[in-house]
Amino acid sequence: QPQQNYSQTIALYRRLLAEFPNYRLVDGAYYLLGYCLAEQGQDQESRQAYLALVCRNKHQPPMTPSTRSRGARRRCTTVSSTSLPRGVSS
């Protein structure tokens, strides 16, 4: 099967989260951002997006490559590896 390219979708979700952080469906945007990043093989950024969804008060979504390592080391105690989607580990 051909590999999908989600780069435009990822950019759209990042823009949505940056410009409209109080959007009523922001949880869906975090989830779909994490999914698209995982499908692109960007597991660290995908994990960060899922953590931002589950623990928004502690984790920020991956907005740019320079934010990749910031915040990624913090952990939310309510997230376990069994609750994360395929390809994402805590």
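- A search for side-chain hydrogen bond (donor to acceptor under 3.5 Å, both in side chains) contacts involving D27 returns nothing, not counting sequence neighbours.
- Within the model, atoms CG of L12 and OG of S7 stand 11.5 Å from one another, a figure rounded to the nearest 0.5 Å.
- When all heavy atoms are compared, the tightest approach of G34 to S46 is O-OG, 2.7 Å.
- Atom CG of N5 and atom CD of Q40 lie 5.0 Å apart (nearest 0.5 Å).
- The side-chain hydrogen bond (donor to acceptor under 3.5 Å, both in side chains) check on Q4 picks up nothing, with sequence neighbours excluded.
- Interatomic distance, E45 CD to L33 CG, rounded to the nearest 0.5 Å: 8.5 Å.
- Rounding to the nearest 0.5 angstrom, the gap separating the CD atom in Q48 from the CG atom in L51 is 5.5 Å.
- Rounded to the nearest 0.5 angstrom, Y13 OH and L37 CG are separated by 11.0 Å.
- Checked against the 6.0 Å centroid criterion, the rings of Y30 and Y50 do not qualify as a close aromatic pair.
- Atom-to-atom distance recorded for I10:CD1 and Q42:CD is 5.0 Å, nearest 0.5 angstrom.
- No more than 12 heavy atoms of other residues, nucleotides or ligands sit less than 6.0 Å from atom CD of Q8.
- The nearest pair of heavy atoms linking V26 to P21 is CG2-O, 3.9 Å.
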